[in-house]
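The chains referred to below are lettered A, B, ... by the order of the sequence lines, with proteins before strands, and numbering in each begins at 1.
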Amino acid sequence: MKESDQDAFQKNFANLSLELRRGTLVLSVLSQLRKPQYGYSLVEELGAKGIQAEPGTLYPLLRRLEAQQLLDSMWETSGSKPRKYYVLTDNGRHMLDLLSQEWQTITKHMIGLLKEE
Amino acid sequence: MGGVHDNLVERYVYAVTKRLPTAQRQDVSMELHSLIDEMVQNRPEDPESVVTVLMEMGDPAELADRYRGVQRHLIGSGYFDFYILVLKIVGFAVSLGIVISLAIGFAFNPPESVGSIIGNMVGTLFAAYAQAFAWITATFAIMEWNQRRLGKSERLEQWSLDDLPDIPQKSAIIPHSEPIVSLVFLVVVFAILNASSWLLKVTQIENYTHFINPFVPEVFKRVLILFNLTIAIAMGIEFAKLYSGVQTKRLALLTIGLKLLSLCISLYIVAGTGIWNPDFAIQMAQVFGEGTGANPFFQKFWNNLPTFLVVVMIFGYVVETIQTVWRTWNLRFPEK
C-alpha cells in the first residue's frame, strides 16, 4: 500500500471504530446513572472504566435522553459552582434493563460470528 | 484564570448557544460553563488550559448541531440534484431571454455605442441571475421544509408495500431534453412578448406616420401580465415533467388541470379584452401601398381571426387532453 492509501485506510478505521463505539454510548451512560451524576463526573467515571466519551458528545446526549424521559435532571447550586445532575427515571431504569438484555444477545451472537473459521 | 480566558470561554459558549432555540440557551450555557470550568481545573499544570480545553471541545457549530440533534440545511440531498438542474436550465434560459429581448430593444432603439450595449447587457444579466437564483432557492427551501413536515407526520403511519411506485415502462419515461426544449421555447416567447419596444413600432412612409401593430398597445400592456401568467403556468408544467421524469396519472391530471386554467386565460385574452387592433387591415394596406381601402380578403381574415383562434385553442386542448389521458391510461394497463 502506498503511504497515502495507508493514511486513508487508517482514517477509515478511525471512522468505523468510532461508529461502532457510538452505538454503545447510550447504554454506557444509562448504566452509570442509577445514582445521580453531573456531566463531567460521568465523563471521568466512564473514562476510568475504559469507555472514552467526549464531553461534546455526552452533554447533548444527556439532554436528548432527558427529553425522552429516560433521565431526570436537577441543578445543584449550593456548592461553589452550579452543576446539573442527571439520574435515571423509572422509564430509564426499565430501558436500561431492556437494552442490557439486548446487549447480552448481541454480544453472544457477535462472538459466535467472529469465531467462525 | 485570567480575564482574557474568561472572555474566550464566554465567546465559545455564546458561539454554541446562539445556534440553539432560545428556550435551551440559558441551561446549555450554564452547563457548558460548569463543564469547561471543571475541565480547566483538571489541568492545573497547563498554563494554556482554557485554550486546550476549548480546542478539545471542537467546533462550536458542530457542538450546537449535536445539541439540536438535527442537521440544518436549506435544500437536502433529496432535492439537491434537481435544484442544480433547474439552476442550470434557468441560467441558460435567462441568458437567452435577455439577449433576445435586448436585441429586439436595440433593433428599434439603436444604442449609442458598443460600450453601452455591453454595459446594459451585463447589468441586466447580473440582476436577472440574482433574481432567478433567489426565487429558485426560496422555492426549493419551501419544498424542502414542506417535505420535512410531511415526512414527520407520514412516518407515524404504517408504511406499506402499496407505497412502492410502479417501475415505469420505457415509453413512460420523459427524457430531460423534452421539457428543457419546451422551457427554452417558452423563455424565448416570454422575452419577445416582454420586449415591448416592438409594440410601439412606428413606420414612416412618405411623410405619414403609421402605427402598424396587430394589437392595441394600451390593451396589450394591460393584459401582458395574463400572457406572462399563461407562460408561467406552462413553465410550471414543464418543471413538473422534469421533476417527475415519468408520465404518471398524477402528472397527467396536473397537466390537464393547469392547461385548462391556461386555456381559460388565453380565451379571455383573445376574445374578451379587445386586444386586436380593428384598423390593422386598413393600416397594412396603407403601409404596403394598396391605397386607402383594406384588402377585403385580409379584412375578412382579420375580423374572423379571434373566433378562429378560439376554435383552434379549444380543439387543441381537447385533442391534447384525450392524448394525455389515453397515453397515461394505456401505460397503467399495458396490453398483453
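Two residues are said to be in side-chain contact when any heavy atoms from C-beta on lie closer than 4.5 Å; A:Leu71 and A:Leu30 meet this criterion. A heavy-atom distance below 4.5 Å is found between the side chains of A:His94 and A:Leu98. With contacts defined as side-chain heavy-atom distances shorter than 4.5 Å, the pair A:Met110/A:Leu113 qualifies. Between A:Ile51 and A:Thr24 there is no side-chain heavy-atom pair separated by less than 4.5 Å.
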Could you work out all donor-acceptor pairs shorter than 3.5 Å where one atom is in chain A and the other in chain B?
unit_1, atom_1, unit_2, atom_2, d
A:Tyr38, OH, B:Glu38, OE2, 2.7
A:Tyr40, OH, B:Asn42, ND2, 3.4
A:Glu44, OE2, B:Asn42, ND2, 2.6
A:Gly56, O, B:Arg66, NH1, 2.7
A:Arg63, NE, B:Glu31, OE1, 3.4
A:Arg63, NH2, B:Asp27, OD2, 2.4
A:Arg64, NH1, B:Arg66, O, 3.1
A:Trp75, NE1, B:Asp27, OD1, 2.7
A:Lys81, NZ, B:Gln41, OE1, 2.7
A:Pro82, O, B:Ser34, OG, 3.4
A:Arg83, NE, B:Glu38, OE1, 3.4
A:Arg83, NH2, B:Glu38, OE1, 3.4
A:Arg83, NH2, B:Glu38, OE2, 2.7
A:Lys84, NZ, B:Asp27, OD2, 2.4
A:Tyr86, OH, B:Glu31, OE2, 2.6

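Closest non-hydrogen pair, B:Val53 versus B:Ile36, comes out as CG1-CG2, 4.2 Å. Contact record, A:Leu58 with A:Gly39: CD2-O, 3.8 Å, taken as the closest heavy-atom pair.
Residue B:Val28 touches chain A through both its backbone and its side chain, counting heavy-atom pairs closer than 4.5 Å.
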